[in-house]
Every structure is written in C-alpha cells, then in structure tokens.
Amino acid sequence: QVQLVESGGGLVQAGGSLRLSCAASGLTFSGHSMGWFRQAPGKEREFVTYITPTGLTYYAGPVKGRFTISRDNAKNTVYLQMNSLKPEDTAIYYCAARFRVASTSIAAYDNWGQGTQVTVSS
C-alpha cells in the first residue's frame, strides 16, 4: 500500500531554516503530484505548496519566496526547504500524493503522511 513518511521537523528560532523530506513507497512516484500542507493548533489544515510530475511548482502566498519544494524521482522523495521561518509557520506539516494533476485542495489528495512537527520560536 501507499506510504508517505515525513521527516526533518523540529524546533528552530525565527529566521532559521529547516528541510523536510517525504519518502514515498507503494506508488509510481514519478507520475504523482506531491503537495505539502500544514495544520497549526486550533486551525484548519491549509495548502502550502505542490510540485507536479514535470516539476512545475505553486506556492501559497504566505510562504512564497521563503519555501522551496523539490523532488528526486530516483529516491521517491519530495523535499520542502523552509527559510526565513516565522513563528506563524509553526504547524504539523503533511505531505500528500495525487496521481498526475496537482491541486491546492485537501480533498483532492488520496494519500497522506503522518505529519512532522515544525515549531518556530520567537
């Protein structure tokens, strides 16, 4: 079955950086769009960014210019490089997979990881 396993979360000071990874198995990784979402305490899960099978990317406004998504199809892994982190970036970060067409909608993704906690202190 499909498994998505996130890693790389942790505690960082404001202005710092983290790199999240999501290792995928059980699917044809190169044919899937991969998305990152996040959920802060007391808030709904929200879209962060996606990358299509061909490498096209799209970012939510609050992270544009600070976060970078990339993928390594040889390693079945998607990455999220997060720079200039802010306290409001504190959340559980989830990766998700969707066959072919990317989407900003949570409901569009079929497969989800368990999440990794990112905490940014001020």
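Sequential numbering from 1 along the given sequence is applied to the chain's residues.
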- [ ] Report yes or no: do Ile51 and Leu27 belong to one cluster of Ile/Leu/Val/Met/Phe/Trp/Tyr joined by side chain heavy-atom distances under 4.5 Å?
- [x] yes
Open item on the list: With rounding to the nearest 0.5 angstrom, report the OG1 to CZ distance, Thr52 to Arg98.
Closed with: 12.5 Å
TODO: State, yes or no, whether a side-chain contact exists between Leu4 and Gln114 at a heavy-atom distance under 4.5 Å.
DONE: no
- [ ] Considering non-hydrogen atoms only, spot the tightest contact between Thr104 and Phe47 and give its length.
- [x] O-CB, 3.4 Å
TODO: Indicate the atoms forming the closest heavy-atom contact of Glu6 with Gly113, along with that distance.
DONE: OE2-CA, 3.2 Å
- [ ] Could you check if a side-chain atom of Leu80 sits within less than 4.5 angstrom of a side-chain atom of Tyr93, using non-hydrogen atoms only?
- [x] yes
Open item on the list: Testing the basics here: between Gly26 and Val2, what is the closest heavy-atom pair and its distance to 0.1 Å?
Closed with: O-CG2, 3.5 Å
TODO: Compare every heavy atom of Thr90 with every heavy atom of Pro41, then report the nearest pair and how far apart it is.
DONE: CD-O, 4.3 Å
TODO: Kindly state whether the ring of Tyr94 and the ring of Phe37 have centres lying under 6.0 angstrom apart.
DONE: no
- [ ] Would you indicate whether the side-chain heavy atoms of Val12 and Thr119 approach each other to under 4.5 Å?
- [x] no
Open item on the list: Under the ring pair (Phe, Tyr, Trp, His ring centres under 6.0 Å) test against Tyr50, which residue among Tyr58, Trp36, Tyr59 passes?
Closed with: Tyr58
- [ ] Side-chain contact test, heavy atoms from C-beta onward, threshold under 4.5 Å: evaluate it for Phe67 versus Val48 and give yes or no.
- [x] yes
TODO: Measure the shortest side-chain to side-chain distance between Met34 and Phe29 over non-hydrogen atoms and say whether it is less than 4.5 angstrom.
DONE: yes
TODO: Enter the distance from Gln3:CD to Asn76:CG here, rounded to the nearest 0.5 Å.
DONE: 12.5 Å
Open item on the list: To the nearest 0.5 Å, what is the distance between CG on Leu18 and CG on Asp89?
Closed with: 10.0 Å
- [ ] Output yes when a side-chain donor or acceptor of Arg38 lies under 3.5 Å from a complementary backbone atom of Val118, and no otherwise.
- [x] no
Task: Val63 side chain near Met82 side chain, heavy-atom distance below 4.5 Å - done: no
Task: OG-CG distance between Ser17 and Leu85, expressed to the nearest 0.5 angstrom - done: 6.0 Å
Task: Within-4.5 Å side-chain heavy-atom neighbours: Ile92 and Arg45 - done: no
Task: Shortest non-hydrogen separation from Ser122 to Ala14 and the atoms involved - done: CA-CB, 4.4 Å
- [ ] Say whether, by atom type as modelled, one donor and one acceptor occur between the side chain of Ser105 and the main chain of Ser103 under 3.5 angstrom.
- [x] no
Open item on the list: Measuring from atom CZ of Arg66 to atom OG of Ser84, what distance do you get when rounded to the nearest 0.5 angstrom?
Closed with: 7.0 Å
Task: Spacing of OG belonging to Ser33 relative to CZ belonging to Phe99, to within rounding of 0.5 Å - done: 10.0 Å
Task: Residue pair Tyr109 / Ala96: nearest heavy atoms and the distance that separates them - done: CD2-CB, 3.6 Å
Task: Sub-4.5 Å side-chain heavy-atom contact between Asp72 and Ser70 - done: no
